[in-house]
Amino acid sequence: MVQTTAGNPSISDAAAEVAAGAPFMGRPRPRARGLAHGLVEDLGEKIRSQQLRPGDKLPTESAIMQSFGVSRTVVREALSKLQAAGLVETHHGVGTFVLQPRAAGMFRLDSADIATSVDVLAVLELRISLETESAGLAATRRTEEHLLAMRQALDDFERNVAVAGDTVAPDFRFHLQIAQATGNPYFADIMSHLGTTIIPRTRITAIRNYDRRGEYLSRVNREHEEIYAAIARRDPESARAAMRIHLTNSRERLRVAQETAQAAAVQAPPAAPSR
């Protein structure tokens, strides 16, 4: 059972200091890979070193924002990545809690294992099988809390599309929330083990370069909305169909992006000889 900070004698000093109003672990040093990555590294290190222990409740988003001097978007992205890594778990309306570290040898797809379009296509086939049923179960079993979490993820996705911000974290968060809404912990566990590497544009350069005007992500957003609408109205068959269409379209978009990249490479003029 998840423990909260209230009345918990085993709470870590780091979390207890925040509860008492002290600054939360100081500000992260600037890092080239971005504020969210730096925040993930700092929090992750505190968790791995047991300064934050399993069951400890993290400070609120506002407290982390103030302590680290970052925006709410950065905090949410960092928490999403920590959740994807299996280090924390968020209970909406309650808070974010540190999880027990995973035992060695548990299944996980490392990002290095998903390096080519063939690998990504294979993962998409797995996702079609897994997430189609996940969406159907979510439509039957979801709570208003689950629905609110999905809505927040979609709103973050849409907002980041508009400002050319990070869309991978809210994309993954949306799919993970659907898995959690099934009420079957194994769906969410598999998704958490897979992590954000399941999102094709994180692995394939052609996807990131494809359709730079944002139409690609706008189509992804519309497909997400179809899935959400079916789950919201508790329509499992429509939810399954919408998820299957979305992931099948993702597979087709990957194919088209790869063909576009290959055609551009063929048409590119040869490099001038060096003198």
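Remember, predicted model here, so these are calculated numbers, not experimental data.
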For this session: Indicate whether the side chain of Q51 and that of S49 have a donor and an acceptor atom separated by less than 3.5 Å.
Result: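 There is such a pair (donor and acceptor under 3.5 Å, judged by atom type) between the side chains of Q51 and S49.
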Exercise. Between H175 and H224, how do the two ring planes meet: parallel, tilted or perpendicular, split at 30° and 60°?
Worked result: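 Answer is perpendicular, since the angle exceeds 60°.
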Write down the atom of [X], the atom of [Y], and the distance for their closest heavy-atom approach.
{"X": "T140", "Y": "R234", "result": "O-NH1, 3.7 Å"}
{"X": "L130", "Y": "M191", "result": "CD2-SD, 4.0 Å"}
{"X": "F157", "Y": "L217", "result": "CE2-O, 3.6 Å"}
{"X": "V220", "Y": "D171", "result": "CG1-OD2, 4.2 Å"}
{"X": "P236", "Y": "G136", "result": "CB-O, 3.4 Å"}
{"X": "F172", "Y": "S192", "result": "CZ-CA, 4.4 Å"}

For this session: Without swapping roles, check the side chain of S67 against the backbone of I64 for a donor-acceptor pair under 3.5 Å.
Result: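 Not confirmed, S67 side chain does not pair with I64 backbone.
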So do [Y] and [X] actually touch side chain to side chain, heavy atoms under 4.5 Å?
{"X": "M243", "Y": "E133", "answer": "no"}
{"X": "Q83", "Y": "S80", "answer": "no"}
{"X": "T73", "Y": "D156", "answer": "no"}
{"X": "Q66", "Y": "S62", "answer": "no"}

For this session: Could I get the full list of salt bridge (Lys or Arg N to Asp or Glu O under 4.0 Å) partners for E61, not counting sequence neighbours?
Result: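 Residues passing salt bridge (Lys or Arg N to Asp or Glu O under 4.0 Å) with E61: R72, R76.
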Quick one: pull up [atom1] in [X] and [atom2] in [Y] and give me the separation to the nearest 0.5 Å.
{"X": "S238", "Y": "I227", "atom1": "OG", "atom2": "CD1", "value": "12.0 Å"}
{"X": "L52", "Y": "E45", "atom1": "CG", "atom2": "CD", "value": "11.0 Å"}
{"X": "T90", "Y": "Q180", "atom1": "OG1", "atom2": "CD", "value": "8.0 Å"}
{"X": "L176", "Y": "S134", "atom1": "CG", "atom2": "OG", "value": "9.5 Å"}
{"X": "E226", "Y": "N221", "atom1": "CD", "atom2": "CG", "value": "11.0 Å"}
{"X": "N184", "Y": "I190", "atom1": "CG", "atom2": "CD1", "value": "8.5 Å"}

For this session: Test M65 against T60 for side chain to side chain contact (heavy atoms under 4.5 Å, CB included), laying out the working first.
Result: CA-CA 9 Å; M65 288 165 57; T60 63; over 6 Å; no
Problem set entry | Within 6.0 angstrom of R141 CZ, more than 12 heavy atoms from elsewhere |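 Counting other residues, nucleotides and ligands, CZ of R141 exceeds 12 neighbours.
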For this session: With sequence neighbours left out, write down each residue that passes side chain to side chain contact (heavy atoms under 4.5 Å, CB included) with A181, or none if nothing qualifies.
Result: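 With sequence neighbours excluded, A181 shows a side chain to side chain contact (heavy atoms under 4.5 Å, CB included) to A138, R142, H146, M150, given in chain and number order.
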Exercise. Salt bridge check: are K81 and E77 linked by an N-O gap of less than 4.0 Å?
Worked result: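 Between E77 and K81 there is a salt bridge, with a charged N closer than 4.0 Å to a carboxylate O.
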For this session: Indicate yes or no: does E225 engage R222 in a salt bridge with an N to O separation below 4.0 Å.
Result: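 R222 and E225: not salt-bridged.
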Exercise. Do D155 and R151 pass the salt bridge (Lys or Arg N to Asp or Glu O under 4.0 Å) test, and can you show the C-alpha distance, the side-chain angles, and the key distance before you say yes or no?
Worked result: CA-CA 6 Å; D155 289 346; R151 182 71 265 163; 3.1 Å; yes
Exercise. What do the steps show when you test L87 against L43 for side chain to side chain contact (heavy atoms under 4.5 Å, CB included), and what is the final call?
Worked result: CA-CA 9 Å; L87 295 177; L43 292 176; over 6 Å; no
Exercise. After noting the C-alpha distance and the side-chain angles of L147 and I231, does the key distance pass the side chain to side chain contact (heavy atoms under 4.5 Å, CB included) rule?
Worked result: CA-CA 8 Å; L147 205 60; I231 293 174; 4.3 Å; yes
